[in-house]
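Read the structure below first, then the notes.
The sequence lines fix the lettering, A, B, ..., with proteins before strands; numbering per chain opens at 1.
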Amino acid sequence: MAYWLIKSEPDAYSFAQMQKDKKTGWTGVRNYQAANNLKAMQLSDVCFFYHSNEGKEIVGTVEVNRTYHPDPTDETGKFGMVEVKNPKAAKTPLTLAAIKDHATLKNMAFVKQSRLSVSPVSAAEAKTILKLCGLA
DNA sequence: GCCAACGTTGGC
DNA sequence: GCCAACGTTGGC
């Protein structure tokens, strides 16, 4: 079981929308590093859902429902997508400020590489986040 | 709205 | 294959 962090601007696709949809195709990734992370996802891996720009906090988790396959919205055919389901809202969203303040979390990949939209999360980081979010 | 970081593009 | 120019992302 691996953990990931996926980012979305709430204006583009929010967690509230995810909760309405129950599951969704994670399309639109156009960055090789992010796409490689999508490729590495296995069924039932857990992804933390982060709101960038507006909110700047982890608002919940989703679960991988379908592994990497071609993204029909990519006309070049270079990039793929996964499908995620089962949104679970954080009881307490975890803000970026809190993450940067936390000894374990401040070294997370997505903090260091702020532009990477899909990034790996270590087991220790995941455990900490789940606890802080009230999802443990 | 600004700006730093950084990925991508295209000329050579 | 290098590198400058450019575009985009995202925090502040």
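Every pair passing side-chain hydrogen bond (donor to acceptor under 3.5 Å, both in side chains) that includes a residue from residues 34-45 of chain A is listed here, sequence neighbours excluded: Trp4(A)-Asp45(A). Within the structure, salt bridge (Lys or Arg N to Asp or Glu O under 4.0 Å) contacts touching residues 118-136 of chain A (residues at least two apart or in different chains) do not occur. Listed by first and then second residue, the side-chain hydrogen bond (donor to acceptor under 3.5 Å, both in side chains) pairs involving residues 100-111 of chain A amount to none (not counting sequence neighbours).
Shown here are the side chain to side chain donor-acceptor pair (under 3.5 Å) partners of Asn86(A), two or more places apart in sequence or in another chain: Glu63(A). Take Glu54(A) and apply the side-chain contact (heavy atoms from CB on, under 4.5 Å) test, not counting sequence neighbours, and it matches Pro10(A), Asp11(A). In terms of the ring-ring contact (aromatic ring centres under 6.0 Å, His included) criterion, Tyr68(A) has no residue partners (sequence neighbours excluded). The salt bridge (Lys or Arg N to Asp or Glu O under 4.0 Å) test applied to Arg30(A) returns Asp71(A), Asp74(A), not counting sequence neighbours. Looking at residues two or more places apart in sequence or on another chain, you find a ring-ring contact (aromatic ring centres under 6.0 Å, His included) between Phe49(A) and Phe15(A), Trp26(A), His51(A).
The stretch residues 73-83 of chain A does not touch DNA chain C, since none of its heavy atoms comes less than 4.0 Å from the strand. Of all the residues in residues 94-109 of chain A, Leu96(A), Lys100(A) reach under 4.0 Å from DNA chain C with at least one non-hydrogen atom. The stretch residues 50-62 of chain A touches DNA chain C through Tyr50(A), Ser52(A), Asn53(A), Lys56(A), each having a heavy atom under 4.0 angstrom from the strand.
Looking at every heavy atom in both residues, Leu38(A) comes nearest to Val29(A) through CD1-CG2, 3.8 Å.
The outermost nucleotides of DNA chain C lying under 4.0 Å from heavy atoms of chain A, listed 5' to 3', are dG7(C) to dC12(C).
The backbone N or O of Lys7(A) sits nowhere less than 3.5 Å from a side-chain atom of Ser117(A) that would complete a donor-acceptor pair.
A heavy-atom distance below 4.5 Å is found between the side chains of Met81(A) and Thr27(A). Side-chain contact between Phe48(A) and Ile6(A) is absent, with no heavy-atom pair separated by less than 4.5 Å.
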